[in-house]
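Each remark here refers to the structure printed beneath this line.
Atoms within each ligand, like the ligands themselves, are counted from 1 in listed order.
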Amino acid sequence: MKQIINVELKTRKVDFAKCETDILVVGLFSEGKKLDQLNKELDRKLDGAVTRLIELGDFKAKEGINAILYGNKNIGAKRVMLVGLGEKKKATLDTVRKAAANAANKSVEIKAELLSLALHRAFAGRFELSAIARAMAEGAYFGSYRYDEYVTESENGRSASLRVDLIDPDPAKTKKLQKGLARGTIIGKAQSYARTLANRPANIINPPKLAAIAKELAQNSKNLTCTIFDEKQLKEKNMGGILAVGSGSQSKPRLIILRYKPTSKAASRQPIVALVGKAITFDSGGISIKPSSNMDQMKLDKTGGISVLATMKAVAELTLPLNVLGIIPSAENLPSGSSYRPGDIITTYSGKTVEVLNTDAEGRMILSDALAYAVKQKSDIIIDIATLTGACMVALGKYKAGLFGNDDKLIKQLQKAAQDSGENVWPMPSDDEYGQEMKSKIADLRNIGSKWGGACTAAAFLRQFVGDAKWAHLDIAGVDLFQKPTEYAFQGSSGFGVRLLATYLIDLAGKK
Ligand code: BES
Ligand code: MN
Ligand code: ZN
């Protein structure tokens with residue numbers, strides 16, 4: 001893959017004021033009329049510029065807002081960036097992450113190439129230093145991310161590369177920062193990898209291409225193997241759901257299976273966690289075709305699958321002591337003479353039959369096979385992630401993913417991981433009332449429910465395929481993209497799910 005912006009992260013033992021850099025970044029809480037020690041020192045060296053900025057009311061330290069001051073001969077930095085952190089009592093690890101993202105985003109915009117973060121100073125004592133460093137690293141990757149691999153202009157209004165240093169004069173502190181930075185780098189890079197793959201359009205990525213990318217990833221990763229089921233194997237295995245959805249396209253469907261096995265014997269006895277991700281490389285709706293406005297966004301209908309792919313990359317690099325399966329059903333949903341139709345009855349891999357009443361409800365069709373496959377592989381825990389329903393977007397908007405499931409403990413663990421990773425979720429129901437709506441008179445199930453509660457009926461449909469496994473489902477329609485750029489992020493794919501799933505797995509492995 002062509003490198004979009006090469007970001008390199010390091011720790012550096014250096015005095016804050018002496019640090020030679022393009023931008024020195026410090027944080028400020030909104031009630032911080034009294035400056036902390038570092039800000040006081042910088043204020044003194046900048047002849048009171050920080051105090052004047054605050055007293056004039058130009059900078060209120062709100063979250064997502066930054067102010068740039070220019071250096072002088074008293075300090076090493078060319079610029080000092082003050083990043084607003086909002087109210088101190090509301091601060092979380094995501095405040096750290098967003099502040100770093102905000103600073104990195106701005107740095108790339110003004111074409112800086114060396115960024116020095118001293119954000120941890122504002123949070124000292126509130127969180128562990130290594131956790132702060134991890135959040136800073138994830139944020140630095142997130143905010144500096146750009147997708148412009150098809151822009152042929154070389155000067156594209158951004159830095160060519162970016163070096164980010166986490167700085168502190170105390171070597172004991174840089175050592176702790178280094179620990180978190182290592183993890184944050186793995187996760188941050190994996191998320192950027194996910195965003196680039198998701199942002200690539202459907203004429204570039206189709207199911208066979210995605211399968212080739214997964215193969216390549218496994219070849220380059222230790223402890224990761226990849227198996228692909230092509231059309232022939234899908235037929236042999238009776239994976240009717242994936243085949244039906246893929247039947248209208250020239251690009252044939254695939255089931256991508258990534259298997260991560262830990263090195264140690266003890267770890268290999270750990271439970272099997274399956275991550276299952278929807279990868280529709282383009283969703284036109286099929287014969288039940290979608291309206292044309294915003295149909296271009298349906299290139300992002302592969303985001304769930306790509307989050308799984310990128311999480312597997314992170315899991316392998318983190319060498320977690322867990323057994324993790326990544327299962328990615330992939331198809332292109334197009335209308336043609338060979339497409340599946342409304343009214344068709346499909347026999348899925350589980351043996352259950354489904355009456356298709358809308359070909360645009362295709363995500364659940366491919367997931368039914370993938371979930372049943374996860375069960376067949378004796379997965380103890382199954383988590384699926386999918387841009388599944390517009391209804392979830394109607395229910396929750398674009399800030400939180402819908403979280404469904406059949407196991408309270410798993411749901412709580414995912415809620416905790418969501419809080420720490422800043423990829424937010426909200427619990428939703430999928431019990432039998434919703435399940436009743438998915439029964440058909442002429443098959444075991446139908447693929448759409450009634451008019452209301454579409455996210456819940458879709459989840460209730462998936463629930464029929466998970467057997468006795470502990471299961472959770474993340475509906476990420478809406479959170480999969482930024483329609484416009486934000487203070488923290490470039491427009492397009494958000495890479496949602498990579499931080500959440502990686503955090504969940506790190507916690508599960510007990511390697512805090
Ligand atoms: N991929 C879409 C869901 C979606 C919509 C994701 C908007 C992101 C933004 C999914 O395949 C779909 O089309 N769902 C239908 C289901 C319906 C036919 C029961 C929907 O939500 O309208
Ligand atoms: Mn659809
Ligand atoms: Zn879809």
Problem set entry | F465 six-ring centre to R364 NZ/CZ under 6.0 Å and within 45° of normal | no
Problem set entry | R195 NZ/CZ over F496 ring centroid, <6.0 Å and within 45° of normal | no
Checking contacts here: is it the side chain or the backbone of [X] that comes within 4.0 Å of ligand 1, counting heavy atoms only? Could be both or neither.
{"X": "Q297", "result": "neither"}
{"X": "I448", "result": "side chain"}
{"X": "M365", "result": "neither"}

Salt bridge check, [Y] against [X]: does any charged N sit closer than 4.0 Å to a carboxylate O?
{"X": "E362", "Y": "K278", "result": "yes"}
{"X": "R446", "Y": "E355", "result": "no"}
{"X": "K416", "Y": "D420", "result": "yes"}
{"X": "E149", "Y": "R200", "result": "yes"}
{"X": "K302", "Y": "D283", "result": "no"}

Exercise. Among side-chain atoms of S450 and E437, is any donor-acceptor pair under 3.5 angstrom?
Worked result: yes
Exercise. Side chains of R254 and N206: donor-acceptor distance under 3.5 Å anywhere?
Worked result: no
For this session: Give the atom name of whichever N/O/S atom in E362 sits closest to the Zn ion (ligand 3).
Result: OE2
Problem set entry | Of all N/O/S atoms in D301, the name of the one nearest the Zn ion (ligand 3) | OD2
Which atoms of ligand 1 have any heavy atom of [X] under 4.0 Å away?
{"X": "K278", "result": "1 (N), 10 (C), 11 (O)"}
{"X": "T387", "result": "1 (N), 2 (C), 3 (C), 6 (C)"}
{"X": "E362", "result": "11 (O)"}

For this session: Could you please compute the angle at the Zn ion (ligand 3) from OD2 of D283 to NZ of K278, rounded to 10°?
Result: 170°
For this session: May I ask you to check if any N/O/S atom from D283 comes under 2.8 Å of the Mn ion (ligand 2)?
Result: yes
Exercise. Between D384 and L474, is any pair of side-chain heavy atoms under 4.5 Å apart?
Worked result: no
Exercise. Under 4.0 angstrom from ligand 1, any heavy atom of R364?
Worked result: yes
For this session: State whether the shortest distance between N or O atoms of T389 and N or O atoms of ligand 1 falls below 3.5 angstrom.
Result: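 N/O-N/O distance below 3.5 Å does not exist for this pair.
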Problem set entry | Nitrogen or oxygen of D301 less than 3.5 angstrom from that of ligand 1 |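 Between D301 and ligand 1 (N or O atoms, distance only) the closest approach is under 3.5 Å.
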Got the closest protein heavy atom to [atom], with its distance?
{"atom": "atom 6 (C) of ligand 1", "result": "A477 CB, 3.6 Å"}
{"atom": "atom 2 (C) of ligand 1", "result": "D283 OD2, 3.6 Å"}
{"atom": "atom 9 (C) of ligand 1", "result": "M298 CE, 3.5 Å"}
{"atom": "atom 18 (C) of ligand 1", "result": "N358 ND2, 3.5 Å"}
{"atom": "atom 15 (C) of ligand 1", "result": "D360 O, 4.0 Å"}

Exercise. What N/O/S atom of E362 is the closest to the Mn ion (ligand 2)?
Worked result: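 Atom name returned: OE1.
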Exercise. Hey, is atom 22 (O) of ligand 1 under 4.0 Å from any protein heavy atom?
Worked result: no
For this session: Check whether more than 12 heavy atoms from other residues, nucleotides or ligands sit under 6.0 Å from atom CD of Q250, and answer yes or no.
Result: no
For this session: Apply the test side-chain hydrogen bond (donor to acceptor under 3.5 Å, both in side chains) to residues S284 and N333: give CA-CA distance (whole Å), side-chain angles for both, the deciding distance (0.1 Å), then the verdict.
Result: CA-CA 6 Å; S284 70; N333 190 19; 5.3 Å; no
Exercise. Who gets closest to atom 14 (N) of ligand 1 by heavy atom: L388, D480, I476?
Worked result: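 Selected option, by shortest heavy-atom distance: L388.
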Exercise. Nearest non-hydrogen atom to atom 4 (C) of ligand 1 belongs to which of A361, S288, G390?
Worked result: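 Comparing heavy atoms across A361, S288, G390, the nearest one to atom 4 (C) of ligand 1 lies in G390.
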Exercise. Centroid-to-centroid, F404 to Y434, below 6.0 Å?
Worked result: no
